[in-house]
Amino acid sequence: MIGYLAQRLLQAAGVLLGVSIVTFLLAFLLPADPARMIAGRSATVQTVESIRQQLGLDRPLPVQYVNYLGKLLRGDLGRSYAQKAEVTKLIRSRLAPTLQLALAGILFELLIGLPAGIVAALRRGTAVDQAVMAFAFVGVSAPQFVVGLLLIYVFAYLLPLFPLGGYGTPLHVVLPAVAVGLAGGGWYARVTRSAMIDVLRQDYVRTARAKGVFPAKVVFKHVLKNAVLPVVALVGLDIGVFMGGIVIVESVFGWPGIGQMIWQAIQLVDIPVIMGGVLVTALFVVVGNLLADLVYPVLDPRIRYS
Amino acid sequence: MRRFARNGAGMLGLVGVVLVLVMAFGAPLLAPHDPARQYFDGLTLEGDPLPPSRQFPLGTDTLGRDLLSRVLFGARVSLLVGVLANGAAVLIGLLVGVAAGYFRGAVEAVLMRLTDVMTAFPALILAIALAAILRPSLWIVALVIALVNWVWIARAIYAQVLSIRQREFVEAAGALGVGTFRTLFRHILPHLVSTLMVFGTLGISTTVLLEASLSFLGVGVQPPAPSWGGIINESQSYFLDAPWLVIFPGIAIVLTSLSFNLLGEALRDALDLAERR
């Protein structure tokens, strides 16, 4: 277990190193000149040149990368060009809203995905099953911005139950969470259903039923416990992806999360913020996957890593 | 084939795909108006878009253009980008997966670590960043989508090549002195055809959604070319008063993505069973 953990952590560190290289190259490819952007329009050639030297932009690419990596390891993501603030500070201010929306989204996915998948598996082949699967397919195929805009139209405009957008009260989070979680809910339902069907076929389920164990107890104690593993993997993935910012939903609802920060930075060509934001989103994805891997053996003692 | 025909959802998907193809190819014949023309009677006196009427069956957009015509012509853009991007993603995924799985060693290590790194980026964030860097055009958008979507295909192909390599006929081919390329083309590629077909259809569902999302954010296909995501983007500030501007292109996106999804899943079921027999 310890050996596996060490190996997995090392692998994650390797991926993050790769991520830092890709992010660095991404910023290098941007058509804008950072020195000119900082100096402003009216700056003289000499000013731009001195800023360039100050930033180390005149040095060879590998040297620039090593400098960048060194700062990164010290937790320094640089300063925003557009807002005169540390990138780490900007990201920190976005964490609470991002976390709130991510958790609410995952909660919604589980709330609709798990029951729908369980019911579909138990009533396999019936109209209920088909209805659930139809919903799952449509959910997966509906783009978040269409879902979000329609939710706003129906539940904030026609029936003014929720605010049109923004961030603050618990009411604000409901519609964005639904928009984020609808597609995921469809996935969860499909995955739960097929895992349940696999487990329902097992001998011990038949034994439990033959023994006369209460049907609901069979489902929850014997089946669900074993069918929930693939769903955990999905939650792990979603934590990463959602924490990385749900650009579309944040833009539709005016939600001040990391996704919106990156999106605004891209429009302003605010390179340090783009780099920092992309890096942090990738970090969350790696950590989310790692968490899912670590939770597996806790839920299912049969899984042993060596 | 018969197995496929018996799958009701798959047939529904096929009907949907045909419908979208008819929209795309038949757009010039089916569209009642010029999709780019701004009709001066296409707006109310206050300058608002018109709701669906006999003259404009799906209403007009914020510039007084016929929405039905724009949605029909939008099918061309969405489908073209979706198919191009997915084709490119499948091709990259195939090359990377086969190279890593067949040649092993350093090639495998480098390629598979690269896919590990690529999976760490949320697809949309990476696509937005790339699209912003590369100045979007239809081709660039397709390329960007392919660049973020090949990873999962490469992983699946890689796993499959690893298992095919261990089968006797590949070993036998090696023992008989069959050359590398001959082995690849005659003995390995034929076994990947069904996987490629599934990704070839299923993936379009994803690429169409991604294109719509990029265009919605304004870094996808650029106006005046009508794309479904772009139409919704242009009408975002108006949609509470003119919900048809979101609803109809929205239906078109869902229909396209759903149809390719159903078709791909049905294809996977049919081919899986065929393989197992």
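Labels below follow one simple rule: chain letters A, B, ... track the order of the sequence lines, proteins then strands, and each chain is numbered from 1.
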Exercise. Look only at the side chain of A:Trp255 and the backbone of A:Val249, and say whether a donor-acceptor pair between them is shorter than 3.5 Å.
Key: no
Practice problem: Residue by residue, scan residues 73-81 of chain B and write down, ordered by number, those that have a heavy-atom distance under 4.5 Å to chain A; if none do, write 'none'. | Solution: none
Quiz item: Residues of residues 229-236 of chain B under 4.5 Å from chain A (heavy atom pairs)?
Solution: B:Gly229, B:Ile232, B:Gln236
Toward chain A, the part of [X] with a non-hydrogen atom under 4.5 Å:
{"X": "B:Leu255", "answer": "neither"}
{"X": "B:Leu210", "answer": "neither"}
{"X": "B:Thr119", "answer": "backbone"}
{"X": "B:Leu124", "answer": "side chain"}

Practice problem: Would you kindly say whether A:Ser20 and A:Tyr65 are connected by a side-chain donor-acceptor distance under 3.5 Å? | Solution: yes
Practice problem: Go through the side-chain N and O atoms of B:Thr207 and B:Asn86 and say whether any donor and acceptor fall under 3.5 Å apart. | Solution: no
Go through the atoms of [X] and report whether side chain, backbone, both or neither lie under 4.5 Å from a heavy atom of chain B.
{"X": "A:Gln130", "answer": "neither"}
{"X": "A:Val252", "answer": "both"}
{"X": "A:Val138", "answer": "both"}

Self-check item: Set of residues satisfying salt bridge (charged side-chain N to carboxylate O under 4.0 Å, His left out) with respect to A:Arg8, sequence neighbours excluded
Solution: A:Asp293
Practice problem: Take A:Arg190 and B:Glu265 through the test salt bridge (charged side-chain N to carboxylate O under 4.0 Å, His left out) and record every step on the way to the result. | Solution: CA-CA 12 Å; A:Arg190 275 171 74 178; B:Glu265 290 287 344; 2.7 Å; yes
Quiz item: Restricting to pairs with a member in residues 136-155 of chain B, which pass salt bridge (Lys or Arg N to Asp or Glu O under 4.0 Å), not counting sequence neighbours?
Solution: B:Asp116-B:Arg155
Practice problem: Go through B:Pro243, B:Gly250, B:Ala129 and name the one with the most non-hydrogen pairs under 4.5 angstrom from chain A. | Solution: B:Pro243
Practice problem: Just give me the residue among B:Leu126, B:Leu217, B:Leu114, B:Thr206 that pairs up with chain A most often, heavy atom to heavy atom, under 4.5 Å. | Solution: B:Leu217
Self-check item: Most contacts with chain B, counted as non-hydrogen pairs under 4.5 angstrom, among A:Val286, A:Val15, A:Val146, A:Leu149
Solution: A:Leu149
Quiz item: Highest number of heavy-atom pairs under 4.5 Å with chain B: which of A:Tyr157, A:Phe145, A:Tyr153?
Solution: A:Phe145
Quiz prompt | Full working for side-chain contact (heavy atoms from CB on, under 4.5 Å) between A:Ile262 and A:Val247 | solution = CA-CA 8 Å; A:Ile262 297 176; A:Val247 187; 5.9 Å; no
Are any of the side-chain heavy atoms of [X] and [Y] separated by less than 4.5 Å?
{"X": "A:Pro256", "Y": "A:Arg94", "value": "yes"}
{"X": "A:Phe137", "Y": "B:Leu12", "value": "no"}
{"X": "A:Gln264", "Y": "A:Asp270", "value": "no"}
{"X": "A:Phe24", "Y": "A:Met275", "value": "yes"}

Between [X] and [Y], what is the shortest heavy-atom contact and its length?
{"X": "B:Gly82", "Y": "B:Ile204", "answer": "O-CG1, 4.3 Å"}
{"X": "A:Pro230", "Y": "A:Val191", "answer": "CB-CG1, 3.5 Å"}
{"X": "A:Ser251", "Y": "B:Phe216", "answer": "OG-CE2, 4.2 Å"}

Exercise. Apply the side-chain contact (heavy atoms from CB on, under 4.5 Å) test between A:Leu279 and each candidate in A:Leu72, A:Val22, A:Leu16, A:Ile274; give the one that qualifies.
Key: A:Leu72
